[in-house]
Colleague: 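Provided herewith is a single structure, encoded as structure tokens, for subsequent inquiry.
Note that these values count all heavy atoms, side chains included, but never hydrogens, waters or copies made by symmetry. The model shown is predicted, which means the values in this text are computed figures rather than measured ones. FYI, the numbering just counts along the sequence from 1.
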Amino acid sequence: MADDLGLSRGGIQDRIKRLRRDGLIREAQQAAQENYTPDIDGIALSIDAKPRVRVRAYNVSVTKDLPVRRVLAIGDTHWKPGQGVEHMRWIGRYAAESRPDNVVHIGDALDMESCEFHSAAGSASQMNRPSFQDEISAGEDALEAYHSEIGLGEVPHDVIYGNHEYRVERLEELAPNLAGTLTLQRDQLFARYRWKTTPYRHWLFFEGVGFIHVPISIMGKPIGGRYPENIIGNQATHSIVFGHTHRNNNITVPKIGINNSITITNLGSAMPHGYVPSYAEGCTTGLTYGIHELRLRGGRVESDKFVSMLELEERYA
């Protein structure tokens, strides 16, 4: 055919391309005259402007339609013989008045000095430790004071064991003849008051927010330091509520994505105001004393209301 027309094969292909291009231009001009701009899969096309991509951002963490859960969060208490339990009565009354959806104790509820391994064998410190039964009794007194203000089962209660409760497992591991006997008494203490327990190093989730006594590093150690919230926030993929350091703090950590972030909340302690554990005497402390009323929504701590132990005392003592 190319020979019959006196054209080369390449020339015919060039003419076909021009015809196709001219046809597309005419179609575009006709669409412009009709004031018609198609929108295909979010891509807007026009004759005189460059293509624009329309992105509809959706972030569940800022969606107001998601459910809200109110959690009364209690930091480390370190119940031990002789500590006093009046502050637990104040916390119980606050829980009864505020009626949260859940109450969560972040761990180290019990001090468990009777099971510690820091004191040298046969030393005066070891000889002066309270007995295991005395510590269980101290926990009983604390829970009894707390539940004198809020009835059993009125609100779901959880406790996440901390490293101090975990001392019991460590002792049983070194003394196989005690295996199962001490942990049973510890677990039964909370069961009598209808508190669910979560093992040390394990997570408890509410509305996508993870509760744990202290996050564990890749080396299997608790993440600590002066500002552990920054370290945890850099490594975490979800919002976290924790304790362990006895210093209250709450930060928002930005993440890559559209309006994306997580929250890291340190509950501090719920010990009596001014109390410093014997192992922390002389250390840089800056301890805080109080409880937290948290609003959880869409995987973040939406708000954190800190109520100091002094405020509880002024309100209820």
Colleague: Quick one: are Phe190 and Lys196 in side-chain contact, heavy atoms under 4.5 Å?
Modeller: no
Colleague: Going by the angle between their ring planes, with limits at 30° and 60°, are His213 and His244 parallel, tilted or perpendicular?
Modeller: perpendicular
Colleague: Check for me, please, whether Leu312 and Val71 land in the same ILVMFWY cluster - side-chain distances under 4.5 Å, paths through other members count.
Modeller: no
Colleague: Do Ile136 and Trp79 have side-chain heavy atoms sitting under 4.5 Å apart?
Modeller: no
Colleague: Is there a path of hydrophobic side-chain contacts, each under 4.5 Å between heavy atoms of I/L/V/M/F/W/Y residues, joining Val209 to Leu294?
Modeller: yes
Colleague: Starting from Ile106, can I reach Leu143 by hopping between I/L/V/M/F/W/Y residues whose side chains sit under 4.5 Å apart?
Modeller: no
Colleague: With the threshold set at 4.0 Å, does a side-chain nitrogen-carboxylate oxygen contact exist between Arg315 and Glu311?
Modeller: yes
Colleague: Starting at CG of Leu174, measure out to SG of Cys115 and round the result to the nearest 0.5 Å.
Modeller: 11.0 Å
Colleague: Between Pro254 and Thr252, what is the shortest heavy-atom contact and its length?
Modeller: CD-O, 3.7 Å
Colleague: Given the rule in the side-chain contact (heavy atoms from CB on, under 4.5 Å) test, do Glu149 and Glu97 qualify, once you have shown the distances and angles that lead to the verdict?
Modeller: CA-CA 9 Å; Glu149 300 292 341; Glu97 292 180 358; over 6 Å; no
Colleague: Between Asn234 and Asn230, is there a donor-acceptor pair closer than 3.5 Å when you use the side chain of the first and the backbone of the second?
Modeller: yes
Colleague: Look at the side chain of Glu165 and the backbone N and O of Gly162, then say whether any donor-acceptor pair between them is shorter than 3.5 Å.
Modeller: yes
Colleague: Between Arg247 and Gly286, what is the shortest heavy-atom contact and its length?
Modeller: CG-O, 3.4 Å
Colleague: Show your working on side-chain contact (heavy atoms from CB on, under 4.5 Å) between His105 and Trp195 and close with a plain yes or no.
Modeller: CA-CA 10 Å; His105 195 305; Trp195 288 59; 3.7 Å; yes
Colleague: One pair to check against side chain to side chain donor-acceptor pair (under 3.5 Å): Asp134 and Ser137. What are the steps and the verdict?
Modeller: CA-CA 5 Å; Asp134 286 343; Ser137 296; 5.2 Å; no
Colleague: Carefully, step by step, assess His87 and Tyr146 under the rule side chain to side chain donor-acceptor pair (under 3.5 Å).
Modeller: CA-CA 8 Å; His87 66 298; Tyr146 174 85; over 6 Å; no
Colleague: Below 4.5 Å, heavy atoms only, C-beta onward: do Lys80 and Glu113 meet side chain to side chain?
Modeller: yes
Colleague: Rounded to the nearest 0.5 Å, how far apart are CZ of Arg99 and CG of Leu72?
Modeller: 11.5 Å
Colleague: Test side-chain contact (heavy atoms from CB on, under 4.5 Å) on Val103 and Ile74 and set out the steps.
Modeller: CA-CA 8 Å; Val103 175; Ile74 304 171; 3.9 Å; yes
Colleague: Mark yes or no for whether Asp101, through its side chain, and Arg70, through its backbone, hold a donor-acceptor pair below 3.5 Å.
Modeller: yes
Colleague: Answer yes if Met112 and Met271 sit in the same cluster of Ile, Leu, Val, Met, Phe, Trp and Tyr residues linked by side chain heavy atoms under 4.5 Å apart, and no otherwise.
Modeller: yes
Colleague: Is a donor on one side and an acceptor on the other found under 3.5 Å between the side chain of Gln83 and the backbone of His78?
Modeller: yes
Colleague: Taking C-beta and beyond as the side chain, do Ile291 and Phe306 meet within less than 4.5 Å on heavy atoms?
Modeller: no
Colleague: Would you list the atom pairs, donor with acceptor, under 3.5 Å between side chains in residues 235-243 and any protein atom, with sequence neighbours excluded?
Modeller:
| unit_1 | atom_1 | unit_2 | atom_2 | d |
| --- | --- | --- | --- | --- |
| Ser239 | OG | Thr263 | N | 2.9 |
| Ser239 | OG | Thr263 | OG1 | 3.2 |
| Ser239 | OG | Gly299 | O | 2.8 |

Colleague: May I ask you to check whether Tyr166 and Tyr200 place their ring centers less than 6.0 Å from one another?
Modeller: yes
Colleague: With a 4.5 Å cut-off on side-chain heavy atoms, are Arg89 and Ser148 touching?
Modeller: yes
Colleague: Atom CG in Leu296, atom OG1 in Thr265: separation rounded to 0.5 Å?
Modeller: 8.5 Å
Colleague: Any sub-3.5 Å donor-acceptor pair from Arg194's side-chain atoms to Val155's backbone N or O?
Modeller: no
Colleague: So which heavy atom on Ile264 is nearest to which on Ile262, and how close?
Modeller: CD1-CD1, 4.0 Å
Colleague: Can any side-chain N or O of His292 pair as donor or acceptor with the backbone N or O of Leu267 at less than 3.5 Å?
Modeller: yes
Colleague: Quick one: closest heavy-atom pair of Pro130 and Ser114, and the distance?
Modeller: O-CB, 3.1 Å
Colleague: Donor-acceptor check, side chain of Ser269 to backbone of His246, threshold 3.5 angstrom: yes or no?
Modeller: no
Colleague: Between atom CG of Leu110 and atom CZ of Arg167, what is the distance when rounded to the nearest 0.5 Å?
Modeller: 11.0 Å
Colleague: Parallel, tilted or perpendicular, judged at 30° and 60°: which one describes the rings of Tyr316 and Tyr94?
Modeller: perpendicular
Colleague: Tell me whether Tyr193 contacts the main-chain N or O of Gly153 through its side chain, where contact means a donor paired with an acceptor under 3.5 Å.
Modeller: no
Colleague: Go through it in stages, so that I can follow the logic: the residues are Tyr161 and Val168, the test is side-chain contact (heavy atoms from CB on, under 4.5 Å), and I'd like the CA-CA distance, side-chain angles, deciding distance and then a yes or no.
Modeller: CA-CA 11 Å; Tyr161 286 158; Val168 183; over 6 Å; no
Colleague: Out of curiosity, Ile232 CD1 to Ile216 CD1, how far, rounded to the nearest 0.5 Å?
Modeller: 9.5 Å
Colleague: List in chain and number order the residues that pass ring-ring contact (aromatic ring centres under 6.0 Å, His included) with Tyr227, two or more places apart in sequence or in another chain; answer none if no residue qualifies.
Modeller: none
Colleague: Would you give the length of the straight line joining atom CG of Asn266 to atom OG1 of Thr288, rounded to the nearest 0.5 angstrom?
Modeller: 7.0 Å
Colleague: For Glu135, is there an ion pair with Arg186 - N to carboxylate O distance below 4.0 angstrom?
Modeller: no
Colleague: For residues 201-210, which residue pairs qualify under side chain to side chain donor-acceptor pair (under 3.5 Å), counting only residues two or more places apart or in two chains?
Modeller: Arg69-Glu207
Colleague: Indicate yes or no: at least one non-hydrogen side-chain atom of Glu293 is less than 4.5 angstrom from one of Val307.
Modeller: no
Colleague: Determine, using the 4.5 Å side-chain heavy-atom cutoff (strictly less than), whether Ile150 and Trp90 are members of one ILVMFWY cluster.
Modeller: yes
Colleague: Give a yes or no answer on whether the side chain of Glu172 reaches the backbone of Leu182 with a donor-acceptor pair at less than 3.5 Å.
Modeller: yes
Colleague: Under a 4.5 Å cut-off applied to non-hydrogen side-chain atoms, are Val159 and Thr198 in contact?
Modeller: no
Colleague: Is there side-chain contact between Ser261 and Lys255, with at least one heavy-atom pair below 4.5 Å?
Modeller: no
